[in-house]
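Below is one structure, written out as structure tokens; the observations come after it.
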Amino acid sequence: MKILVAVATRHGATREIAENVATAVGAALTDAGVEPLVEVRDAGLVHSVEGFDAVVLGSAVYMGHWLEPARKLVESFSDELRRVPVWLFSSGPVGEQREPAEEPVAVEDLVERLGARGHRLFGGKIDRHSLHFPERAVVAALRVADGDNRDWPSIRGWGRDIGSALAQVVRSTS
């Protein structure tokens with residue numbers, strides 16, 4: 001089974017999430033007796049989704065929106081993506097959310113457009129030393145502290161859940 005994990009990231013923290021998801025998906029498939037081939041690619045470098053049995057697509061979130069490479073991938077390949085199981089994830093909320101009921105990223109339209117099986121929101125990472133001046137200014141204005149808010153057990157667990165779901169698909173079609 002061939003799975004694409006495509007990711008849009010600015011500073012690498014979201015790619016680290018994608019790599020952990022990919023490893024967990026592969027491990028769950030292997031444990032289920034399914035031979036996996038899981039590829040992690042930058043969303044902007046994906047020129048086709050043909051040949052993949054499933055896709056996981058994630059993006060860092062800035063100002064409530066996915067990065068352009070992830071949005072362009074959806075625009076370019078939405079018909080193809082609707083034909084395979086798709087999962088989405090976002091990374092970027094940092095610090096304490098002031099209104100927990102409010103979704104900090106608008107992805108409902110993407111979930112519907114792609115028929116995605118789900119969307120997960122993972123905490124992000126702030127390291128001021130890796131930010132450009134305008135980003136540092138926004139972080140300072142919002143009084144966000146440096147820190148890594150990624151929940152690795154939850155990230156890997158979600159990847160294992162995807163792998164298990166894909167293994168069930170393989171079993172039901174065999």
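Values reported hereafter were calculated over all heavy atoms of this structure, with side chains retained and with hydrogens, waters and symmetry mates removed.
Ion pairing of Asp31 with Arg160 is absent here, as no side-chain N (NZ or NE/NH1/NH2) approaches a carboxylate O to less than 4.0 Å.
Smallest separation of non-hydrogen atoms from Leu73 and Ala6: CD1-CB, 4.0 Å. Considering all non-hydrogen atoms of both residues, Ser91 and Gly123 come closest at OG-O, 3.7 Å. Across all their heavy atoms, Val61 and Ser90 have their closest contact at CG2-CB, 3.6 Å. Taking all atoms of both residues into account, the shortest heavy-atom contact from Phe77 to Ser48 is CZ-N, 3.7 Å. Shown here for Ala60 and Thr14, the closest heavy-atom pair between the two residues is CB-OG1, 3.4 Å. Here the closest heavy-atom approach between residue Ala32 and residue Ala167 is recorded as CB-CB, 3.5 Å.
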Residue pair Ile3, Val55: steps toward the side-chain contact (heavy atoms from CB on, under 4.5 Å) verdict: CA-CA 6 Å; Ile3 299 102; Val55 176; over 6 Å; no

Leu166 and Trp87: CA distance, side-chain angles, deciding distance, side-chain contact (heavy atoms from CB on, under 4.5 Å) verdict: CA-CA 11 Å; Leu166 291 172; Trp87 286 265; 3.8 Å; yes

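Contact annotation: the side chain of Glu35 never approaches that of Leu29 to less than 4.5 Å [non-hydrogen atoms, C-beta and beyond]. Side chains of Val86 and Leu88 form a contact here, defined as non-hydrogen atoms less than 4.5 Å apart. In this structure, the side chains of Val74 and Leu114 come closer than 4.5 Å at one or more pairs of heavy atoms. Here the side chains of Glu108 and His119 are not in contact, with every heavy-atom distance at 4.5 Å or above. Within the 4.5 Å cutoff, the side chain of Thr30 has no heavy atoms near those of the Val34 side chain. Between Leu37 and Met1 there is no side-chain heavy-atom pair separated by less than 4.5 Å. Using a 4.5 Å heavy-atom threshold, the side chains of Val5 and Arg41 count as separate. Residues Val84 and Val49 fail the side-chain proximity criterion, which asks for heavy atoms closer than 4.5 Å.
Between the side chains of Arg120 and Ser154, at least one donor N or O lies within less than 3.5 Å of an accepting N or O.
Taken to the nearest 0.5 Å, the CG atom of Leu67 stands 11.0 Å off from the CG atom of Asp42. Note: Leu110 CG to Trp66 CH2 = 5.5 Å, rounded to the nearest 0.5 Å. For the atom pair Asp151 CG and Phe122 CZ, the distance stands at 8.0 Å (nearest 0.5 Å).
With Asp53 contributing its side chain and Lys2 its backbone, the two residues share a donor-acceptor pair below 3.5 Å.
Put simply, the residue from Asn20, Val56, Val25 that forms a side chain to side chain contact (heavy atoms under 4.5 Å, CB included) with Trp158 is Val56.
For Arg150, the salt bridge (Lys or Arg N to Asp or Glu O under 4.0 Å) test picks out Glu16, Asp148, with sequence neighbours left out.
For residues 69-84, every residue pair satisfying the side-chain hydrogen bond (donor to acceptor under 3.5 Å, both in side chains) rule, not counting sequence neighbours, is listed here: Glu68-Lys72.
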